[in-house]
Amino acid sequence: MIARASHLFLPTLRDAPADAEAVNHKLLVRGGFVRQVTGGVWTFLPLGWRVHRKIEQIIREEMDGIGSQEMLMPVLTPFELWQQTGRDFIQEIFRLKDRKGADYVLPMTHEETVTFHARELQSYKQLPQMLYHISTKNRDEPRPRAGLIRLREFWMKDAYSFDRDDQALGKSFELQRGAYHRIFERAGLQFSEVEAEPGMMGGKESFDFLAPAGAGENTLVTCENGDFAADIEVARTVARPAVLPEALASPDEVETPGVKTCEALAAFLSIDVAATSKAMPVTTDDGVVLALIRGDDRIEPAKLDAALGMQSRPSTDEEIRAAFGASGGSLGPVGFKGRIVADETLRDGQFVAGANRDGWHLRGVEAGRDFQAELADLRESADGDVCPNCGGKLTFTTAIEVGHIFKLGTKYSEALGARFLDEDGKKRALIMGCYGIGLARTMAAIVEQRHDEHGIMWPASVAPYDVHVVVLQGAEQIGLEAAEALSALGKDVLLDDRDQRPGEKFADADLIGIPVRITAGKKSLEDGAVDVRDRATGEEQRVKLADLGNVV
RNA sequence: CGGGACGUAGCUCAGCCUGGUCAGAGCGCCGCCUUUGGGAGGCGGAAGCCGUCGGUUCGAAUCCGACCGUCCCGACCA
C-alpha cells in the first residue's frame, strides 16, 4: 500500500502547543498523530489512528492466542447494573439521563455488563471462559493530564475470566499474565510487572504493568540486582537503621520551645532524625486515628488506608485539638486514647515523641511499653532505602501504568447473581478475573521511551507505516519505483511527494518516526539507487532497487 | 476541590504595568518568481468579536468583577 503525503491529512507542526509539557503530548501533537478537542478528550488523526490500531491488533492476536474471545459491549449502560454491584457511589463515573429520566452511565470498565452476560453460563461444563472487548471507556476525571496519559475518554482492552474455583482462576490468570508480557514486548515497550493496589476494583491479588517514562503517575521502585520491582504505593523496602540514644527506664519529658518539625527536634536534642517519631492524625469514619512513623519518613497514604482497612484523610486543626489537647508539632502516642497504627520501624527501640502538650516532647518512648499500637508498613519508600530481598541499591522511576490484572473473586458474580451448577449439583458464584490495557497510554509510553530531540522512533510493530519514502526533486521516477517495489513486497509505504524543501521533508520524517526512511534524490539517482536510513541509529546505506527487499 | 499560571491570527508569542494610529511580529497559509540532500530567498496577499459577560471611563486587548476554558502542583485515580 502506498499513501501519498500530498493527499493525507497529516498536519505536522514546527512548534509544540504552549501548554504541552509531557514529551508524548508534544511529539504526538507536532507529528500530526492526535489533537485535543477539550480537556482529556482527544481525536486520533489518521496517522495516530494507524498506530492505535497496530497496538490494538497486537493485543487482539495475543488475546485470541490464549483462547480469549472478542465481543463488543455497549458504552451506554443502565445505571441500575452499577447500583446492584454497589459501585454507584464512584465519583468518576459519567452519568446521564435519557428523555424519560432513566439513568445511565458511560462506564470506565465493564465488570457489570460482562457479568450480566455471564449469567448465561450455567454449568461447570461451560467453564472456563475468557471474554474481552476493545472499546471506548469514559471517566469523569477531576484532572486529565500529561497528554495521553490521563484521559476522560480512552480506548481500553478489558478481558474477563470466569472459572469454577481458585485453582482454575489461577490458570486463567497465568494465561493472561503471559499474554501481557508478549503484548508489551511486541509493542517494543520496556516494562515491569509489579504488585499493586487493587483500588476501586476490589479483589485480592493484582499486578500492574509499569512502563518507565518521563511522564507518568506511578513511581516504580526497582533493585539494581533485578530481584525487586514494586509500585511505591506498596513497596516494602528497608529503611536505613536509626542511631538511637541510650534507652531510658521510662519516658522523660523535655521542654522543646518552638520546635515544630522532626528535623528541628533532632537538631535541638542533637540526635538522629530517625530517632524521633512523627505523629500524623488522620480522620476516618470511626474518628481520629493516630498514624505514627519515624521522623525521617513520609507516610504512604495507600499503605495507611490498607492498614486501617478504610479511607482516611488528614485531620483538621480542630479535630486534632479535640483529640489530643495539643497542636500539630507536639503530638504523640503516649496517653492518646484512640486507635494507633505505627510503622514497623518503630517496633524496636526508643524514640522521641510529642508529649501532647504544646512545646514539650517525651524522650525514651517505647512501643508496647508506653503505648499500644498496631504495627504495619506505613512509610513511603525513600532514597537511601535498600532492597528487601538482597539489600541492593534501589532506584525510583516515574512510570506509566499501561496494564493491570486482577483476581476479582466473586464480588461481581454474587452481586449480579452469576452462578453455575458444579459437579456436585451445588450452585456457586463464578470466580472472576479482569485484565485491562490502556491503548492510548501504551502509545504514549512508547513515545516517552523511544524518542530523541528530533522526534519519535516507533518500533516496527506499531509504526504507522513500514517505510517512509522521501522523494526529492529530480528523482520522482525512482522514488515512485522504490515505493511500488516495497508495496509489492507487502510493505505499507508513506510516500512524501509533497512540493516541499528537502530539509522540511527530513525534519517531518524524523518527527513522525517511521523506522525506515528511504531518500530518492539526485545523489542516489546517479547510482540508480536510493538511500536507506535507519531512524533509530541514523545509519544510511545506498541500495539498488532490486536489493530493497533484502534491506527493508 | 485547594494552590499557581495562562487565554491576542492555524502555531509560537509581543502589546497590558503607565487606557487614546495597538490590531502587531515570526512561522504557517494563498499567488508569482527564484531555489532544491536537513525547516532557503524575494515581491504581493488573506487571516483575529484580543475567551465570555458585566462594570469603570469621553474612550478598554489594556483597569475592576464574575464566569468559562486550558496547563502545572496537590487532592483524587483500574
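Just so we're on the same page: letters track the sequence lines, and every chain starts at 1.
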Q. Taking the same atom, C1', in C71(B) and in G31(B), what whole-Å distance lies between them?
A. 39 Å
Q. Given atom CD of Gln473(A) and atom C1' of G37(B), what is their separation to the nearest angstrom?
A. 12 Å
Q: Report the distance from atom CG of Leu45(A) to atom C1' of C11(B), rounded to the nearest whole Å.
A: 15 Å
**Q.** Pair assignment for G39(B), Watson-Crick or G-U wobble, requiring both distances under 3.5 Å
**A.** none
Q. The side chain of Glu540(A) lies closest to which of these nucleotides: G39(B), U12(B), G37(B)?
A. G37(B)
Q.
Under 4.0 Å from OP1 or OP2 of C71(B): is there any side-chain N or O of Gln36(A) that close?
A. yes
Q. Could Arg4(A) and Asp496(A) be called an ion pair, given the rule that one side-chain N must be under 4.0 Å from one carboxylate O?
A. no
Q) Base, sugar-phosphate, or nothing: which does Lys137(A) touch, judged by heavy atoms less than 4.0 Å apart? A) nothing
Q. Asp527(A) has an atom CG; how far is it from atom P of G37(B), in whole Å?
A. 16 Å
Q: Could you check Trp155(A) against His133(A) for ring pair (Phe, Tyr, Trp, His ring centres under 6.0 Å), going step by step and ending with a plain yes or no?
A: CA-CA 10 Å; Trp155(A) 278 51; His133(A) 80 335; 9.4 Å; no
(Q) Can you identify which nucleotide, out of U12(B), C76(B), C72(B), has its nearest atom closest to the Asp15(A) side chain? (A) U12(B)
Q: Would you check if there is a donor-acceptor pair between the side chains of Thr77(A) and Tyr104(A) at a distance under 3.5 Å?
A: no
Q. What is the nucleic acid contact for Arg30(A), judged by heavy atoms within less than 4.0 Å: base, sugar-phosphate only, or nothing?
A. base
Q | G15(B) and U21(B), which share atom name C1', separated by this distance in whole Å | A | 14 Å
Q | Gap between atoms CG and P, on Asp499(A) and C30(B) respectively (whole Å) | A | 10 Å
Q | Identified pairing partner of U62(B), criterion: Watson-Crick or G-U wobble below 3.5 Å | A | none
Q | Arg150(A) (side chain) and C77(B) (base): donor-acceptor pair under 3.5 Å | A | yes
Q) If pairing requires Watson-Crick or G-U wobble contacts with both distances under 3.5 Å, which nucleotide is the partner of C16(B)? A) none
Q: Kindly point out which of C77(B), G39(B), G74(B) is positioned nearest to the side chain of Arg14(A)?
A: G39(B)
Q. Any idea which of G38(B), G37(B), C77(B) is nearest the Leu472(A) side chain?
A. G37(B)
Q: Classify the ring geometry between Phe209(A) and Tyr180(A) as parallel (under 30°), tilted (30 to 60°) or perpendicular (over 60°).
A: tilted
Q.
Using the side-chain heavy atoms of Phe506(A), tell me which of these nucleotides is nearest: C29(B), U12(B), G37(B).
A. G37(B)
Q: Measure from CD on Gln500(A) to C1' on C30(B) and round the result to the nearest Å.
A: 14 Å
Q: Could you let me know what G48(B) is paired to, Watson-Crick or G-U wobble, both distances under 3.5 Å, or none if it's on its own?
A: none
Q. Expressed in angstrom and rounded to an integer, what is the separation of Asp531(A) atom CG from G38(B) atom C1'?
A. 14 Å
Q: Just call it for Gly521(A): base, sugar-phosphate, or nothing, with non-hydrogen atoms closer than 4.0 Å on any strand.
A: base
(Q) Keeping Gln84(A) on the side-chain end and Leu416(A) on the backbone end, is there a donor-acceptor pair under 3.5 Å? (A) no
Q) Do Arg533(A) and Thr519(A) come within less than 4.5 Å of each other through their side chains, counting heavy atoms only? A) no
Q.
So for Arg517(A) and G37(B), does any side-chain atom that can act as donor or acceptor lie under 3.5 Å from a complementary atom in the base?
A. no
Q: Once you apply the 3.5 Å cut-off to both distances, tell me the Watson-Crick or G-U wobble partner of U56(B), or none.
A: none
Q) Within the structure shown, what part of the strands sits under 4.0 Å from Ala20(A) by heavy-atom distance: base, sugar-phosphate, or nothing? A) nothing
Q.
I need the CG-P distance between Asp510(A) and G37(B), as an integer number of Å.
A. 17 Å
Q) Closer to the 5' end of RNA chain B via nearest nucleotide, is it Lys505(A) or Arg143(A)? A) Lys505(A)
Q.
Students often get this wrong, so: under 4.0 angstrom with heavy atoms, is Arg533(A) touching a base, only sugar-phosphate, or nothing?
A. base
Q) Does the side chain of Asp531(A) come under 3.5 Å of the side chain of Ser524(A) through a donor N or O and an acceptor N or O? A) no
Q: Determine the interatomic distance between C1' on C29(B) and the same-named atom on G48(B); round to the nearest Å.
A: 15 Å
Q: Using the P atom on both, measure A25(B) against C1(B) and round to a whole Å.
A: 41 Å
Q: Once you apply the 3.5 Å cut-off to both distances, tell me the Watson-Crick or G-U wobble partner of A9(B), or none.
A: none
Q | Of Thr38(A) and Ala18(A), the one whose closest RNA chain B nucleotide lies more 5' | A | Ala18(A)
Q | Side-chain N,O (Arg501(A)) to OP1/OP2 (A40(B)) below 4.0 Å | A | yes
Q: Could you check how far CZ of Phe89(A) sits from P of C77(B), rounded to whole Å?
A: 10 Å
Q) When rounded to the nearest Å, what value does the distance between P atoms of U52(B) and A9(B) take? A) 11 Å
Q.
Could you check whether Arg441(A) makes a cation-pi contact with Phe154(A), meaning its NZ or CZ is under 6.0 Å from the centre of the six-membered ring and within 45° of the ring axis?
A. no
Q. So what does Pro17(A) touch, heavy atoms closer than 4.0 Å: a base, only the sugar-phosphate, or nothing?
A. sugar-phosphate
(Q) Can you check the distance between C49(B) and A61(B), where both ends of the measurement are the C1' atom (answer in whole Å)? (A) 11 Å
Q) So which nucleotide does C77(B) pair with, by the Watson-Crick or G-U wobble rule with both distances under 3.5 Å? A) none
Q. Quantified in whole Å, what is the P atom distance between nucleotide U57(B) and nucleotide U62(B)?
A. 16 Å
Q: Using the ring of Phe207(A) (Phe, Tyr or Trp, six-membered ring only), decide whether Arg177(A) places NZ or CZ under 6.0 Å from its centre and within 45 degrees of its axis.
A: yes
Q: For G38(B) and A47(B), measure between their P atoms and round to the nearest Å.
A: 36 Å
Q) What nucleic acid atoms does Glu401(A) come within less than 4.0 Å of, heavy atoms only: base, sugar-phosphate, or nothing? A) sugar-phosphate
